[in-house]
2 protein chains.
Amino acid sequence: MITVAIAEDHQSLSDGIHLLLEYEEDITLIGHATDGEVLLDLIRKKTPDVILMDIKMPKIDGIVATRLIKKEWPHIHIIAFSMFDQTSAVTQMLDAGVSGYLLKNSPLEEVLNAIRAVVDGKEYFDASINIASLRQDAEQSQKKPLLSKSEREILKLIGQGKTTSEIADIRFTAVSTVEKHRKNMIRKLGLSGKGELLRYALERKYNFE
Amino acid sequence: MITVAIAEDHQSLSDGIHLLLEYEEDITLIGHATDGEVLLDLIRKKTPDVILMDIKMPKIDGIVATRLIKKEWPHIHIIAFSMFDQTSAVTQMLDAGVSGYLLKNSPLEEVLNAIRAVVDGKEYFDASINIASLRQDAEQSQKKPLLSKSEREILKLIGQGKTTSEIADIRFTAVSTVEKHRKNMIRKLGLSGKGELLRYALERKYNFE
DNA sequence: GGAAAAATACCCATTGAGGGGTATTCTTGA
DNA sequence: TCAAGAATACCCCTCAATGGGTATTTTTCC
């Protein structure tokens, strides 16, 4: 018997999976959580074989929750279940230790395939995710992160709506230095035009990077 | 017998509803669509009594689709089914003519209650939506929309990353006119500083306003 | 220890976005 | 029909954000 837990903040979807699993002889749903904290409590009480993990969740998100769980219970198989097929979301979940990645706009039956695959020790990725090329990208980007430490820090502040001079004050550096970092980032990221860096920084926030 | 169609771009959720409805004697699912265009095709072939309508959909979104459908088939009951409980999303769907509004983080059983309520000629709103106060707000804002037509149009283009001169080209107006509209919007919205309007426009995209 | 990469800081320049006006024409609703 | 609000278009001015350089000091890593 395979025991499964669901971490998903949309209860309607969680209920749908519940209905699906009810008619499977070899799978039992042991509980569901609507946020990362509740999930951790749940696991402490009843350790499941498999967790279906949403990325976007209140309190503790799926990426952090996966890291915590794999650290303490490395034998639990975690399958990411997300709306996002962006490279960054997938690589971060891979890095956190998931054994599979499903998309919410795929058929629900995929869930069954994925659960059975991961308890068999295999991995299971949605067909629309090119897992091989992602792994390669991940390796490269580990060695050469596109943006440097200072640059990422400044980008974050830009995303918070800070201006160049405000950022210079915060970081105790000259305005010209911040300007230089901005220009370097624009070059590295292949952007152009005035608002592009702000746009990039803002979109970042919704893109898991 | 109640006939139902689903418009939902996350197939997993749509599959879940399918499972739920399968065991209801008085309800038949006649089809599901993953975008607004497919939905319209579907309705032309088999007219359902009720449509469960997601707001976020490719091609034609739920708001536009609802308007189109209520115009041509006013007897079809439409229930919005969304992740968002923001005022703006709800009021826009109300305005478009929905008879109910469900949230995805509510139990799936709510779907059954809602379907049965709307075929009875009643309305059905998720408990966490304060429908009375929303209706009042909607009345007021109908008389005085904050931004005018041109302003909203320009804001949308700003959100798409267009610069003032590009927007002027697109709209066949002078650059100075677009600048004037920008300034008026900044004043109306109580913004300040250089990137604020872009920031506002970008955040809007995730907030349905 | 020494080279490469990152961080620092400055120079020059252009331009887009805003702040604050005024004025004319077009629409729209009471 | 007539006034209010919207849309159009121009004026002035400032300043932050780029684009494109150079140079020095730290860090980091082989």
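Naming convention: chains lettered A, B, ... in sequence-line order (proteins, then strands); numbering from 1 in each chain. Bear in mind the structure is a predicted one, so any value in this text is a computation, not a measurement.
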Across the strands shown, which category fits [X] at heavy-atom distances under 4.0 angstrom: base, sugar-phosphate, nothing?
{"X": "B:Ser176", "value": "base"}
{"X": "A:Ser165", "value": "nothing"}
{"X": "A:Ile186", "value": "sugar-phosphate"}

key: Verdict with reasoning, A:Tyr124 to A:Asn113, per side-chain contact (heavy atoms from CB on, under 4.5 Å)   = CA-CA 8 Å; A:Tyr124 193 95; A:Asn113 301 332; 3.4 Å; yes
Measure the distance from [atom1] on [X] to [atom2] on [N] and round it to the nearest whole Å.
{"X": "A:Met185", "N": "D:dT18", "atom1": "CE", "atom2": "P", "value": "9 Å"}
{"X": "B:Glu166", "N": "C:dT15", "atom1": "CD", "atom2": "C1'", "value": "14 Å"}
{"X": "A:His181", "N": "C:dA5", "atom1": "NE2", "atom2": "P", "value": "16 Å"}
{"X": "A:Tyr200", "N": "D:dT18", "atom1": "OH", "atom2": "C1'", "value": "18 Å"}
{"X": "B:Asn184", "N": "D:dT8", "atom1": "CG", "atom2": "C1'", "value": "11 Å"}
{"X": "A:Ile167", "N": "D:dA16", "atom1": "CD1", "atom2": "C1'", "value": "12 Å"}
{"X": "A:Leu198", "N": "C:dG16", "atom1": "CG", "atom2": "C1'", "value": "14 Å"}
{"X": "A:Ile154", "N": "D:dA17", "atom1": "CD1", "atom2": "P", "value": "12 Å"}

Any idea which of [options] is nearest the [X] side chain?
{"X": "A:Ser148", "options": "C:dA17, C:dG19, C:dA7", "answer": "C:dA7"}
{"X": "B:Lys183", "options": "C:dG19, D:dT8, D:dA6", "answer": "C:dG19"}
{"X": "A:Ser192", "options": "D:dG19, D:dA16, C:dG19", "answer": "D:dG19"}
{"X": "B:Thr173", "options": "D:dT8, D:dG19, C:dG19", "answer": "D:dT8"}
{"X": "B:Lys180", "options": "D:dT8, C:dG19, D:dA16", "answer": "D:dT8"}
{"X": "A:Ser150", "options": "C:dA7, D:dT18, D:dA7", "answer": "C:dA7"}

Residue-phosphate contact under 4.0 Å: B:Thr164 side-chain N/O, C:dA17 OP1/OP2 =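 For C:dA17, OP1/OP2 do have a side-chain N/O of B:Thr164 under 4.0 Å.
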task = Examine C:dA7: is either OP1 or OP2 under 4.0 Å from a nitrogen or oxygen in the side chain of A:Arg171? Give yes or no.
result =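 False: A:Arg171 side-chain N/O out of range (4.0 Å or more) of C:dA7 OP1/OP2.
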query = Mapping A:Arg182 and B:Thr177 to their closest nucleotides on DNA chain D, which lands nearer the 5' end?
reply =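 Checking each residue's closest nucleotide, the 5'-ward one belongs to B:Thr177.
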Could you tell me which non-hydrogen atom of [X] sits nearest to which non-hydrogen atom of [Y], and how far apart they are?
{"X": "A:Leu103", "Y": "A:Asp126", "value": "N-OD2, 3.6 Å"}
{"X": "B:Ile158", "Y": "B:Ala201", "value": "CG2-CB, 4.0 Å"}
{"X": "B:Asp61", "Y": "B:Val64", "value": "OD1-N, 3.0 Å"}
{"X": "A:Val111", "Y": "A:Leu102", "value": "CA-CD1, 3.8 Å"}

